[in-house]
Amino acid sequence: MNKYGETALVINCGSSSVKFAILDPKDGRVFVSGIAEALNLEDARISWKFEGDKEKQKASLGAGADHTKALEFLDKNILSKDKELSESIVSCGHRIVQGGDIYTEPTLINDEVEANIAKVIPFAPLHNPAHLQGIDAARKSFPHIPHVAVFDTAFHQTMPPKAYRYAIPEEYYTDLHIRKYGAHGTSHMYVSQEAAKLLGKKPEEVNVITCHLGNGASVSAVKGGKCVDTSMGLTPLDGLVMGTRCGSIDASVVFFLCERAHKTPQEVEEIFNHKSGLLALSGISSDMRPICEGYEKGDEKCTLALEMFSYVLAKTIASYYVALGHVDAIVFAGGIGENCWEARKLTCELLKEPFGVDLNEELNEKALARLGFEGEISTPASKVKLYMIPTNEELMIARSAMKFVK
């Protein structure tokens, strides 16, 4: 009998990267994980770590190496070191950012599914082409196992029309499919289910506001285990202040920049997606860590960045009380949600008076994923439970992929 049991390979392809992990879908134990970076560039490289290793191993993939080369390296140079681990892989789950309104659940990949992923590229122009490259490469390297697409947008397909429609002429919805799709659905689903466990109830018995806060950030209202609203829109640009994205903004700003600053629509898109958010506000970084350091030292721009991030987040959370009726828990996850106690504190302070949210400041300062702490961060007096729960999208994807193993 294979000592690893049955494992799942999880692949997450970006435009110039491939993240991968092989894990036990039952308990989430990770046997190997790694990332290939700078793909299609001169210094394409890969790093990986087996369970128990203290240091990552690294290798060059060669100039111009693509997603196919990265997955070939995984198969021939990494897994070849542990044949039993290689033979334990019985399924492969692929994280797909955008599935449009076509897919509402994990789906076995075939040529039709690939064609549909290509069809919605306009809604995720950076992500979906990379996902397709990864799928093709993985199907070649691992041809004898089921490959499963797990869509970030699927969890949000339960939203009602009043939440996902825009108040624009109907033909743009029917002909061009312009509507709210959301993102980070796999993360929102995972942490909402984990919150239900901490509450001692089933997911269908609780209402949870989930905050996935990283370089990309979104909030979801989860009612009885189903998403009823989310902050990202047609694309991941909408909603919260993010690392380099501006979040919600008056659409007329686009026209103003085109007319007064002589920008093209493409240049405005570049500004909103890559030159805005925390980076623009702080003037130093899109990373929350140096911004928090500046905030602690009294830097005005860093203070504005952190306060604005928290203010918009608190307003969004507040609005989802309308969507849910009552709230059992508010959950913080993602790189910022799991490690930036300052953002959690500022956000909860804004919610205290109107909603009775009461943060345990001592627990909040200890609740850092990098230190291994997670769980409740509210006081007994709080009218809603507050949790910091590290997200685990890989585990959700692995479990979804295993459902297709015969």
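Just the heavy atoms: all of them, side chains too, but no hydrogens, waters or symmetry mates, feed the values below. All residue numbers in this chain count up from 1 along the given sequence.
Here Phe309 pairs with nothing under the ring-ring contact (aromatic ring centres under 6.0 Å, His included) rule; sequence neighbours left out.
Side-chain contact between Pro265 and Val254: absent, with no pair of heavy atoms (C-beta onward) separated by less than 4.5 Å. A heavy-atom distance below 4.5 Å is not found between the side chains of Asn273 and Thr244. With contacts defined as side-chain heavy-atom distances shorter than 4.5 Å, the pair Cys92/Ile11 qualifies.
Between Phe151 and Tyr103, the ring planes lie parallel to each other; the angle is under 30°, not in the 30° to 60° tilted range.
Between Ile96 atom CD1 and His131 atom NE2 the span is 5.0 Å, to the nearest 0.5 Å. Considering OG of Ser286 and NZ of Lys275, their distance stands at 14.0 Å, rounded to 0.5 Å. Interatomic distance, Glu342 CD to Glu307 CD, rounded to the nearest 0.5 Å: 12.5 Å. Taken to the nearest 0.5 Å, the OG atom of Ser310 stands 9.5 Å off from the CD1 atom of Ile336.
More than 12 heavy-atom neighbours from other residues, nucleotides or ligands sit within 6.0 angstrom of CD on Glu51.
Here the closest heavy-atom approach between residue Ala59 and residue Phe73 is recorded as CB-CZ, 3.7 Å. Shown here for Ile389 and Glu338, the closest heavy-atom pair between the two residues is O-OE2, 4.0 Å. Across every non-hydrogen atom of Cys227 and His156, the tightest pair is SG-ND1, 3.2 Å.
In this structure, a donor-acceptor pair under 3.5 Å is absent between the side chains of Ser220 and His184. Between the side chains of Thr7 and Asp24, no donor-acceptor pair is found at a separation under 3.5 Å. Counting only N and O atoms by type, the side chains of Tyr164 and Asp101 include no donor and acceptor under 3.5 Å apart. Remark: the Thr379 side chain and the Asp358 side chain contain an N/O donor-acceptor pair separated by less than 3.5 Å.
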Given side chain to side chain contact (heavy atoms under 4.5 Å, CB included), test His212 with Met232 step by step and report yes or no.
CA-CA 11 Å; His212 177 99; Met232 281 184 169; over 6 Å; no

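Of the candidates Glu114, Arg139, His94, His147 forms a side-chain hydrogen bond (donor to acceptor under 3.5 Å, both in side chains) with just one, namely His94.
Salt-bridge check for Lys197 with Glu194: passed, with a basic side-chain N closer than 4.0 Å to an acidic carboxylate O. Salt bridge Asp287/Arg289: present, at least one basic N to carboxylate O contact under 4.0 Å. A salt bridge links Lys366 and Glu362; the closest N-O separation between the charged side-chain nitrogens and carboxylate oxygens is under 4.0 Å.
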Please report, to 0.1 Å, the donor-acceptor pairs under 3.5 Å made by any side chain of residues 312-324, with sequence neighbours excluded.
| from | atom 1 | to | atom 2 | distance (Å) |
| --- | --- | --- | --- | --- |
| Thr316 | OG1 | Val312 | O | 2.8 |
| Ser319 | OG | Thr316 | O | 2.6 |
| Tyr320 | OH | Thr230 | O | 3.2 |
| Tyr320 | OH | Ser231 | N | 3.1 |

